[in-house]
**Q** 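First the structure, then my questions, so here it is.
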Amino acid sequence: MALSGRFRSALVIGLQGIRARKLRTFLSMISLFLGVLAVIVVQTSSVLANRELLTDIELSEGKDGTVVISMPPNEQTAPVVLDALRGRADAVGVVETNAIIGEPGVTPINPGAMPLKYADQGGGATKMICDNNMCYPEPSTEAPPPRGQAIEVRLVALTGDIRPFRPFPTVSGSWLDFTGAASFAPRLVLNNEAADAFTRYRLPAEMRMDSARAHSTPQVIGTIHDGQAQPTVYMRLDELVNWIPASTLGTSSGLTVLRTQSAGAVEQYLQAKLSPTSPFFPRTVDSRERIGGQLDMMRWIFYGMAALVLLIGIAGILNVGLATVGERVEEFALRRAVGTPRLLLAGIVLAETLIIGLLTAATAIGTGVVGLQLGSRLFGGNHPSLQNVGFPWEAGVAGVAAGLVAGILGGLLPAIRAARIPIATVMRA
Amino acid sequence: MTPLIQLTGVGKTLKGQGEPRSILSGVDMTLHAGESVAILGRSGSGKSTLLSLIGLFDRPDDGQYLLHGNDISRIAERRAARLRSAEFGFVFQRFFLLKHLTAMQNVAMALVNGQGWAARRRRRARVMAALDQVGVAHLAKQRPPRLSGGEQQRVAIARALVREPRILLADEPTGALDTETGALVIDVLHAATERGCGLVLVTHDHAHANRMGRVLRLNDGVLVTERAGVSV
């Protein structure tokens, strides 16, 4: 109860002091504002950069905690995987191969499914091979067919919905429906790069794949963003199997299984069926930790700079606080004369600087929110990552913490001075 | 009957950079409830120092200080603050009203001091009662710069009385006022003694001193009785 009384007293007197010295309060806030704002900007940038990097990595590698298993290449692999994962939501099999869509019997404009910015630059005596990391030329002894109206795409065939693991946002149309029967006209979902290729070139709807029994006529049902630079199309694996025998897929294409942490039984089943003697080497995605490590150094450098600016703000509060205590010597001596304990006098000064710190933090957070909205509107068109971006709560917490720290550090010395003012000052005056 | 205050052989020495200088020496003094005592003396004779010791602003170097019969000569600052709040009311020559606060808020300062907490309504009632007691309740919402010297001093007295102290200490409360206003202020202080409050008045003014029950004089730190009062 006594503490409550003292706390309330400090708050009441602190607010009275702030009301009495509005200009000084304002000046203190100005000196602190830039410091707190710097902390908020650094924290916001860090959170947004982290989020952006994480989103990209989630699209290409999978969400944190996803277990990735590379399947052994043999004839049994694809049929077993297809059979084991059919209808499951906690695991998905992914087969990757290449396909050419367009005019038959010609060299595509982007051999090896290379990104379109390299279109018409490769081909000829070499064959362009692309993987997740890079594209590289591989010498070819065969005389290439003439270049024509066709593009090569990376074809990703799925046993089920991959989006719980890689959250591809839909750009237009719809995503693959895994519930109905497989269609003989393969339904394709394009990534942005592939969609761009179809927009740029007028291509006949004919799809060719190595080892396929015949050419198929695909139907495009939607576009997604998958963060890939290569033109990529997604389709159901059971629809692919209509054209390429499952036994061939397991040997000629890369087959990967993504599963949740709780779907360990699937892995055990596949292990028993496909590789009973040599174990799988599953990898668990932990992007957050990896990115955190990459960003840490940069973040701390910026935090250091923000701390310097904050320090200048604290010096401003300290300066104003000391000057104010100097002017209020008689007031504090009088308060002691009427029974105010030293600790409460220190509390009054700290309450004032803390309130100033919190008010400044609130102003800086408000500025941050408005600034981010403004930035989003002005630059969102050129930078998709800035579109519809919300103010991160971590930046708000950092701002409040910076305000509190500044209030405490800036008010500590004036508070100690106030508590030490001799009571006899009122007698000597 | 136990006196409110009993000083026995109290001394105070100023220890500065040079030789220690004795300010008070062997001071004996008592104050009973309802009694008023005036302390006269030249400037620098130790009047304010004595008031500081009585009001627990400072501690004596020698002697004994009993408050209600309890020895508080070496009391810790924390307890001294509590006693200053509960037992003493202070009136100073320069009023010491805070300009940014209204008369009411200035008086409430003695209640908002971390020694307990009164709800706003109760605080307001006590403040208004104290202002009424000194005849300035109608000025409750005025700020000090808009008050005359006499009104300001009466607000300062209301601040001293609001916690209903048992001892009032007044350090030249009329020093900044004209004779007529000064007399009115002394009336207000005197009225407090009629309600059982002990009053110690430090003054240069013989007329005001003569209105007190007893008159003491400080000569170079030694307290002597100039006029004894009626035994209480």
Side-chain angles (χ1 to χ4, degrees), chain A residues 1-26 324-352 355 415-416 418-429, chain B residues 12 47-58 76-102 105-120 123 143 156 159-160 162-163 165 169 171-172 175-176 202:
Chain A
M1 192 64 192
L3 187 68
S4 166
R6 285 191 184 179
F7 178 74
R8 290 185 200 189
S9 300
L11 213 58
V12 167
I13 299 167
L15 283 171
Q16 281 175 349
I18 284 176
R19 267 208 303 270
R21 281 166 281 275
K22 291 190 188 80
L23 181 63
R24 287 212 165 175
T25 303
F26 179 66
T324 306
V325 168
E327 277 180 10
R328 295 167 74 184
V329 166
E330 287 182 2
E331 178 192 333
F332 288 128
L334 178 70
R335 289 194 185 279
R336 281 196 63 198
V338 298
T340 308
R342 286 173 189 270
L343 202 61
L344 181 55
L345 287 183
I348 291 166
V349 176
L350 270 178
E352 287 183 17
I355 290 170
I416 292 169
R420 284 185 179 168
I421 289 171
I423 196 166
T425 306
V426 280
M427 304 300 288
R428 287 197 295 265
Chain B
K12 184 73 185 170
K47 303 188 295 293
S48 295
T49 304
L50 178 57
L51 215 58
S52 294
L53 295 182
I54 295 172
L56 297 174
F57 293 2
D58 205 350
E77 174 52 29
R78 202 176 166 140
R79 203 176 145 215
R82 216 162 34 233
L83 287 175
R84 279 199 299 274
S85 172
E87 301 288 336
F88 296 96
F90 300 94
V91 183
F92 306 100
Q93 180 180 352
R94 276 182 47 208
F95 324 139
F96 286 121
L97 297 179
L98 302 184
K99 286 177 192 159
H100 62 275
L101 302 181
T102 62
Q105 288 169 328
N106 265 290
V107 176
M109 177 198 286
L111 296 174
V112 186
N113 63 356
Q115 308 289 358
W117 178 257
R120 182 189 287 230
R123 212 160 64 212
R143 286 195 159 74
R159 182 179 61 201
V162 72
R163 271 196 180 263
L169 304 177
D171 187 17
E172 299 185 37
V202 167

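Sequence lines set the chain letters: A, B, ... in the order given, protein chains first and strands last, and positions in each chain run from 1.
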**Q** Need one label for A/Arg21: side chain, backbone, both or neither, based on atoms under 4.5 Å from any heavy atom in chain B.
**A** side chain
**Q** Counting heavy-atom pairs closer than 4.5 Å to chain A, which one of B/Ala80, B/Pro165, B/Ala81, B/Ala118 comes out on top?
**A** B/Ala81
**Q** Let's test your reading of the structure: which of B/Glu172, B/Met109, B/Arg163 forms the most heavy-atom pairs below 4.5 Å with chain A?
**A** B/Met109
**Q** Is A/Glu352 paired with A/Arg328 through a side-chain N to carboxylate O contact shorter than 4.0 Å?
**A** yes
**Q** Side chain, backbone, both or neither: which part of B/Leu101 has a non-hydrogen atom closer than 4.5 Å to chain A?
**A** side chain
**Q** Salt-bridge test for A/Arg24 and A/Glu327: reply yes if a basic N is under 4.0 Å from a carboxylate O, no otherwise.
**A** yes
**Q** Give the member of A/Pro341, A/Ala337, A/Ala20, A/Gly347 that has the highest number of heavy-atom pairs under 4.5 Å with chain B.
**A** A/Ala337
**Q** Taking the cut-offs as 6.0 angstrom to the six-membered ring centre and 45 degrees off its axis, would you call B/Arg123 and B/Trp117 a cation-pi pair?
**A** yes
**Q** Hey, what's the ring geometry for B/Phe92 with B/Phe90, parallel, tilted or perpendicular (30° and 60° as the breaks)?
**A** parallel
**Q** Does this structure show an ion pair linking B/Glu77 with B/Arg84, if we count only N-O contacts that are shorter than 4.0 Å?
**A** yes
